[in-house]
Every structure is written in structure tokens, then in C-alpha cells.
Amino acid sequence: MKNNYNIVLIGFMGSGKTTIGNILGKKLNKNFIDTDQLIEKSANTNIAQIFDKFGEKYFRNLERDLIFSLKNISGSVISTGGGTFCNEQNINILKSIGKIIYLRTSYKCLISRFTNEEILKRPLLSDLKKLNNLLVEREKYYLQADYCILTDNKTTQNISDQIIKLF
Ligand code: S3P
């Protein structure tokens, strides 16, 4: 396979998309793109502020526009936000530009990963009680990925190596 293919990482908050995306970008000599970082850059503020000032719907529109702008991208590892792959339009675009890898992590393991700092950065973590429901609701989207990699009790190196073997 030529090196111009894209790899798209999806999964719940805390599943390791950004960390693993970074490692994969370096190991595969690909450009690394983090969609949340691009949204923050173009909005000139952080995600917590966007949610706080304008609400989730506004953020989802920015997210949808950003995904649309990636339509012609190649040779990249793209790490998405936890809700990005839960929208049909985003799913279609992301599927058309690359192979989708779902980093699947159990609720128990996710919860153990969230530090106070992580919680502050992610508005949807403010109500931890709703999190398990959200995870269950989102699985039907996440499971439309081309590959599913279980991440519980694995190191980031181990997960990245497993993904590299797929290509
Ligand atoms: C969200 C996940 C976040 C970020 C935003 C919304 C979600 O990204 O896009 O806070 O809906 O799950 P991470 O998955 O990188 O935390």
C-alpha cells in the first residue's frame, strides 16, 4: 500500500486516540492531525470554553465543518474527538478518506484514566454518572469502524504496534 492512505482513530474520551495517533504518525512517517486541536486553533480558544460560551450544538457544527475540510487529505493519521464518529455525515467523510480504527476501552478502565485535569478539559465528563449511558449509546457508531482494537491493560506502544501490523 502507498503511504498516502489515512488512518482515522475513533473512540470514547480517554481511549488514547491522541497519544496513539502521535506515536503512529512518527512510526509511519505520516502527518498527525488532531481534530480537536484544529477546532481549538481555528476558534482561537479551548473546547471547554466553546461548550461553556456557545454550547454543544455550536461545537458539533465546528466539528462537522472541520471534518468536511479534511475531505481531500492524504498520508495522515487523524485522531478525532469522542463524539465525531457519532454523526452520519462525519462517518461518511471519514470512511471515504481512510481506514477507521476504533480504540475500544471498557467503562471501568476509562473511569480509572480520568484525572481532575482531564475532567476539566472535557465538558462531557462533568457528569460522570451519565458516562456509561453515553458509552453504550455510542458503541453502535464506533462499531462501524474497519478495525476494533481493545486497549484495556495494554501499553500505548503495544496498541500502536498492533495497528501498524494491520497495514
Ligand atoms: C467529546 C470528546 C472530546 C472533545 C469534546 C467532546 C465527546 O474529545 O471533542 O470534549 O463528545 O466525546 P476527546 O475524545 O479527545 O476527549
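Counting starts at 1 for both ligands and their atoms, following the listed order. None of these values were measured; they are calculated from a predicted model.
Of the N and O atoms on the side chains of D152 and S106, at least one donor lies less than 3.5 Å from an acceptor on the other residue. A donor and an acceptor atom, one from each side chain of Q144 and K95, are nowhere located under 3.5 Å apart.
The shortest N or O to N or O distance between G82 and ligand 1 is under 3.5 Å. By the 3.5 Å distance cut-off applied to N or O atoms, K17 is counted among the residues near ligand 1. By the 3.5 Å distance cut-off applied to N or O atoms, R60 is counted among the residues near ligand 1.
Neither the backbone nor the side chain of T35 has a heavy atom within less than 4.0 Å of ligand 1. In K121, neither the side chain nor the backbone holds a heavy atom less than 4.0 Å from any atom of ligand 1.
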### Derivation of the side chain to side chain contact (heavy atoms under 4.5 Å, CB included) call for F59 and I39
CA-CA 9 Å; F59 170 76; I39 292 170; 4.0 Å; yes
### Message
Working note: N90 + T84, criterion side-chain hydrogen bond (donor to acceptor under 3.5 Å, both in side chains); need CA distance, chi angles, decisive distance, verdict.
### Response
CA-CA 7 Å; N90 294 346; T84 314; 5.6 Å; no
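Closest heavy-atom contact between T80 and T35: CA-OG1, 3.2 Å.
Annotation for K130: atom NZ does not count as buried by contact number, only 12 or fewer foreign heavy atoms lying within 6.0 Å.
Looking only at protein heavy atoms, the nearest one to atom 4 (C) of ligand 1 is D36 OD2, 3.3 Å.
Contact of the S79 side chain with the F32 side chain is registered, since non-hydrogen atoms from C-beta on lie closer than 4.5 Å.
Which parts of ligand 1 touch P123 is read off a 4.0 Å heavy-atom cut-off, strictly below it: atoms 10 (O). Those atoms of ligand 1 that come under 4.0 Å of a heavy atom in I47, given as number and element, are 5 (C), 10 (O). Of all the atoms in ligand 1, the ones that sit under 4.0 Å from a non-hydrogen atom of G81 are 8 (O), 9 (O), 14 (O). Here is the list of ligand 1 atoms found below 4.0 Å of a heavy atom in R122: 13 (P), 16 (O).
Taking the six-membered ring where the residue is Trp, F167 and Y5 present parallel rings, their angle staying beneath 30° rather than reaching 60°.
Residue contacts with ligand 1 include R138, since one of its heavy atoms falls under 4.0 Å from the ligand. No heavy atom of Q37 sits closer than 4.0 Å to any atom of ligand 1.
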